[in-house]
There are 4 protein chains.
Amino acid sequence: MNSDATSAPASREERRDALVLAAYNQIAERGFEGLRTREVAAEAGVNIATLHYYFPTKEALIRGVVEHAMRRFRSTLAPHGTPEAQLRNHLRAVRRLLQDEPQLGAVMGELSLRSARDPAIAHIMQDTNEAWHRTLRGLLRRAAAGGHLKPELDSDAVAALVVAALTSMTLPTVSASPRTDQALRQLERWLGI
Amino acid sequence: MNSDATSAPASREERRDALVLAAYNQIAERGFEGLRTREVAAEAGVNIATLHYYFPTKEALIRGVVEHAMRRFRSTLAPHGTPEAQLRNHLRAVRRLLQDEPQLGAVMGELSLRSARDPAIAHIMQDTNEAWHRTLRGLLRRAAAGGHLKPELDSDAVAALVVAALTSMTLPTVSASPRTDQALRQLERWLGI
Amino acid sequence: MNSDATSAPASREERRDALVLAAYNQIAERGFEGLRTREVAAEAGVNIATLHYYFPTKEALIRGVVEHAMRRFRSTLAPHGTPEAQLRNHLRAVRRLLQDEPQLGAVMGELSLRSARDPAIAHIMQDTNEAWHRTLRGLLRRAAAGGHLKPELDSDAVAALVVAALTSMTLPTVSASPRTDQALRQLERWLGI
Amino acid sequence: MNSDATSAPASREERRDALVLAAYNQIAERGFEGLRTREVAAEAGVNIATLHYYFPTKEALIRGVVEHAMRRFRSTLAPHGTPEAQLRNHLRAVRRLLQDEPQLGAVMGELSLRSARDPAIAHIMQDTNEAWHRTLRGLLRRAAAGGHLKPELDSDAVAALVVAALTSMTLPTVSASPRTDQALRQLERWLGI
DNA sequence: AATGAATGAGAGTTCATTCAT
DNA sequence: AATGAATGAACTCTCATTCAT
């Protein structure tokens, strides 16, 4: 619950964001299964009718959450440094992001499952995944060209494997395991970074 | 819809199984979000009250689905042959299972996410994952001991990575990608199998 | 409110009818504007969910009311005796029906207005009106053929005027006027019956 | 939608009238059942809060509509010429008015039904009807006195019948019928005008 | 004089569960 | 063992109205 009597009056954008964030947290905590508009409104400190003033339907609110999660996740995709360093940093950044903000993993997992039933989400997730894959493949190729990576690697296949390994960490079953860090380090060893 | 007027009268066990299977399919198709007991009963060809005769609550029915999914999944964990062959076969068997019975992946994904909220499911999923991990680690060790695997590999870490990679395939985002097979082949290459 | 603790258990058909009757009374009392499913359920002595067990939507319930009102009204259209007597009896029967069961007039008025927005209702009302018109025209012709009516009358036009005059009595503005009976008697005088 | 950016700034009275007219049109189109203040405000090109500045409640707005409709209708009641001509003209004027401005019939019908629940409306409608009746009766008497009408007619009863017949034309069921004009002509024939 | 933002009360509808038979 | 009927609680969404500016 967020109702802070001393907080400054929220602007239009801030209130929208607060609602999206509340929904984001609710989805992380209870899944789409347990997402209740009244709960979201309460957590944002507003009346249920106010929620509908900003988002005409629950679906519209969910689209807001999708955008938020994607923006949040894409922030990890813009590294700098040498390609090898970027690769290593990227693996660790994703891992850290999912650890520091466990909601993101949960929401991404929920969205991934929902994409099987919701073409709009499927499309967005696919786009994001494609961008992610291309970024990784680019890094792998440049690292190989610079002689800092075993040249026999198929950059497409490796990129796909890295995406898969990192994606699996959005699932509690995997991310809760104490061996997940070992798995990532093994990946780094194989990549030689 | 399963109501076959000419079918033999269903035994207690058969009816229970039919209900579990109907629920399993419903979860695969609509997620926990869209699981409706009435729909399950209808698909099993019985009245909603009959469902509650076999499963007092929706939760009880879900526990039945969990058992079913786990049994289904564990069946892939019992390979034979040389350790290297078992390893390779296992990777392919999991891949094939998820392709042939897409419901299993969907349900496993749903269960994985739900385990964050449901300790009972979390416990079962963890047990299954532990068993899976131990099986893989054993194979890796025996393969290494037989000289059929690069000896410098940390079998614990590799097993974790394999589990992660295969688990990621329960998510539509990954399993729908055309590069998933390449990723698996890359894994085989690194393992040297 | 109808909840009679000593009443016999209602059969499927009885309960349906009770709900339709409750809705019919509510529409008469408060108009479509004030029709509330919860109120209807309460008047029929059942839970709101039970109402939806019998009628999936409010619209379905309204269709039930339309049928009921039409059946109720058509019952007046089957007279017997000589054509002149039938005519006279019909005028009086309609008048009496609307006086004894003021709900019917109110509901018919509501339906008439709603037919401007609801093609299904428009169709039903039109059919009923056509049947009514034909019945009256038939009576007028037979009465004229028997020499009991001024032969110069245009039976089509007269029938239309009778329908209009009687229909106007569904409006409270008209039916509440103390001169409505005089108007009907004037009509009889002109018809010579 | 009426928002004309180039129009002169509306005066207090004009804005009030615009809102009443918008409400009048909405009632004609959707009935009291579908009357929404937001829709009215939008059609008048103002904010919903502005509507409440002019009309504190929805009821107040409706009273405004009642006045407007009554004024509109009464305009037909002031004929001139010989009594017979006035009578004939009146019948035709009402018919034409309802054809040219179908909203008026719809609104009058809605008001008539509402008068059963709303004493204020009932009172106004009754007054209007009384005035109408007296006007017609006066015309009938003068026409009879002038020898232009069958003298045996009961002017009170005939006036009531004329009012009833014309009132019925506010109902779509009647006014939509192609025989309404015939009915009116039959009335004229009987009156001998 | 006018508005964007907010809300309380309540609408129709859904759903897991229960009960009498 | 099986069901039709019934329900309490809760859901998303709507609407007339209010309030600060």
Side-chain angles (χ1 to χ4, degrees), chain A residues 9-12 14-16 19 33-41 44-62, chain B residues 9-12 14-16 34-41 44-62, chain C residues 9-12 14-16 19 33-41 44-62, chain D residues 9-12 15-16 33-41 44-62:
Chain A
S11 79
R12 188 176 176 82
E14 284 168 352
R15 187 129 279 181
R16 247 192 85 99
L19 284 164
E33 189 191 351
L35 180 62
R36 298 290 174 264
T37 51
R38 271 200 154 77
E39 207 56 39
V40 170
V46 299
N47 185 282
I48 174 66
T50 303
L51 184 152
H52 276 94
Y53 179 74
Y54 287 95
F55 297 95
T57 64
K58 192 182 181 181
E59 273 311 308
L61 176 62
I62 290 175
Chain B
S11 80
R12 213 182 156 73
E14 286 169 348
R15 189 134 276 184
R16 252 190 80 99
L35 178 62
R36 299 289 175 266
T37 52
R38 272 203 147 76
E39 208 56 41
V40 170
V46 300
N47 185 279
I48 174 65
T50 303
L51 183 150
H52 275 90
Y53 176 76
Y54 286 95
F55 298 93
T57 66
K58 192 181 183 182
E59 273 312 309
L61 175 63
I62 291 175
Chain C
S11 81
R12 190 175 176 82
E14 284 168 352
R15 187 130 279 180
R16 247 191 84 99
L19 284 164
E33 189 191 351
L35 179 61
R36 298 292 174 264
T37 52
R38 275 194 158 77
E39 206 58 39
V40 170
V46 300
N47 186 281
I48 173 66
T50 302
L51 185 152
H52 276 93
Y53 179 75
Y54 287 94
F55 298 94
T57 65
K58 191 183 183 181
E59 273 310 310
L61 176 62
I62 290 176
Chain D
S11 79
R12 215 183 153 72
R15 189 134 278 183
R16 252 190 81 98
E33 191 190 351
L35 178 63
R36 299 289 175 266
T37 52
R38 271 204 149 74
E39 209 54 41
V40 170
V46 300
N47 185 281
I48 173 65
T50 302
L51 183 150
H52 274 90
Y53 176 77
Y54 287 95
F55 298 94
T57 65
K58 192 182 183 181
E59 275 310 309
L61 176 63
I62 290 175

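For clarity, every value in this text was computed on a predicted model and none was experimentally measured. All chains are named by letter (A, B, ...) in the order of the sequence lines, taking the proteins before the strands, and each is independently numbered beginning at 1.
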How long is the line joining [atom1] of [X] and [atom2] of [N], in whole Å?
X: A:E59; N: F:dT12; atom1: CD; atom2: P; answer: 11 Å
X: C:I62; N: E:dG12; atom1: CD1; atom2: P; answer: 9 Å
X: C:L19; N: E:dT13; atom1: CG; atom2: C1'; answer: 16 Å
X: B:L61; N: E:dC15; atom1: CG; atom2: P; answer: 16 Å

So which one's nearest nucleotide on DNA chain F is more toward 5', A:P56 or D:P56?
->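 Result of the comparison: A:P56.
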
Please report the closest heavy-atom contact between [X] and [Y], naming both atoms and the distance.
X: C:L19; Y: C:A44; result: CD2-CB, 3.6 Å
X: B:L61; Y: B:L51; result: CD2-CD1, 4.2 Å
X: B:F55; Y: B:R16; result: CE2-NH2, 3.4 Å
X: D:Y54; Y: D:R12; result: CE2-O, 3.8 Å
X: B:T37; Y: B:K58; result: CG2-CG, 3.9 Å

Could you write nucleotides 4-11 of chain E as a row of B, S and -, 5' to 3', where a protein heavy atom under 4.0 Å of any base atom gives B, of only sugar-phosphate atoms gives S, and otherwise -?
-> BBBBB-BS

Dot-bracket for DNA chain F, please, read 5' to 3', with Watson-Crick or G-U wobble pairs under 3.5 Å on both distances, ( ) within the strand, [ ] crossing, | other strand, . unpaired.
-> .||||||||||||||||||||

